[in-house]
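What follows is one structure encoded as structure tokens, with my remarks underneath.
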Amino acid sequence: MLAGLRRLIERQILKAEAEGTLRDLQGEGKPLPDRHAFEDPAIAAGHRIMAEAGVVPREFALKEDLEEARRAYTACTDPETRKFLMAKIADLEMRYEMERDAYRKFLR
């Protein structure tokens with residue numbers, strides 16, 4: 001059955017090439033994006049839609065904020081400001097881990 005499906009797909013690709021419908025497509029000549037072979041198709045579709053819309057998951061935004069706070073902490077010399085930044089880092093780390101845990105639970 002898998003071989004028959006493979007042949008059907010190959011025929012459809014050859015037909016599309018002959019008709020010229022595979023020319024001037026977005027991303028033509030570029031390598032295919034790295035996809036996880038065993039990723040749930042629904043999750044993959046959601047990720048693709050988010051990426052095309054330019055939407056960043058909260059987890060990624062929190063990670064950026066966390067890295068920025070760490071850089072500010074490293075550059076800071078004032079003890080009071082460092083104390084404030086340390087509390088901010090702790091808060092961001094907690095929220096980041098909560099987002100990661102929620103996403104992992106969603107994928108189960």
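Since the model is a prediction, treat every value here as computed from it, not as a measurement. Throughout, residue positions are numbered sequentially from 1 according to the sequence presented.
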Checklist entry - Around M50, counting heavy atoms of other residues, nucleotides and ligands shown, do more than 12 lie under 6.0 Å from its CE? => result yes
Checklist entry - Which distance, rounded to the nearest 0.5 Å, do you find between the CZ of R82 and the CD of E80? => result 12.0 Å
Next on the checklist: List the residues meeting side-chain hydrogen bond (donor to acceptor under 3.5 Å, both in side chains) with R70, not counting sequence neighbours, and say none if there are none.
Outcome noted: E93
Checklist entry - Within a radius of less than 6.0 Å around CD of E67, do more than 12 heavy atoms belonging to other residues, nucleotides or ligands occur? => result yes
Checklist entry - CD1/I9 to CZ/R7 distance, rounded to the nearest 0.5 angstrom? => result 11.5 Å
Checklist entry - Between CZ of R58 and CE of M98, what distance do you get to the nearest 0.5 Å? => result 9.5 Å
Checklist entry - Got a second to check how far E99's CD is from K63's NZ, nearest 0.5 Å? => result 14.0 Å
Checklist entry - Is there a path from L5 to I13 through hydrophobic residues (I, L, V, M, F, W, Y) whose side chains come within less than 4.5 Å of each other? => result yes
Item to check | E52/R48 salt bridge by N-O under 4.0 Å criterion | outcome: yes
Checklist entry - Is it true that D91 and K88 have a side-chain N and a carboxylate O under 4.0 angstrom from each other? => result no
Next on the checklist: For E97, give me all partners under salt bridge (Lys or Arg N to Asp or Glu O under 4.0 Å), at least two apart in sequence or on another chain.
Outcome noted: R100
Checklist entry - Under the 4.5 Å side-chain heavy-atom rule for ILVMFWY, direct or indirect, which residues accompany L62? => result L66, Y73, F84, L85, M86, I89, L92, Y96
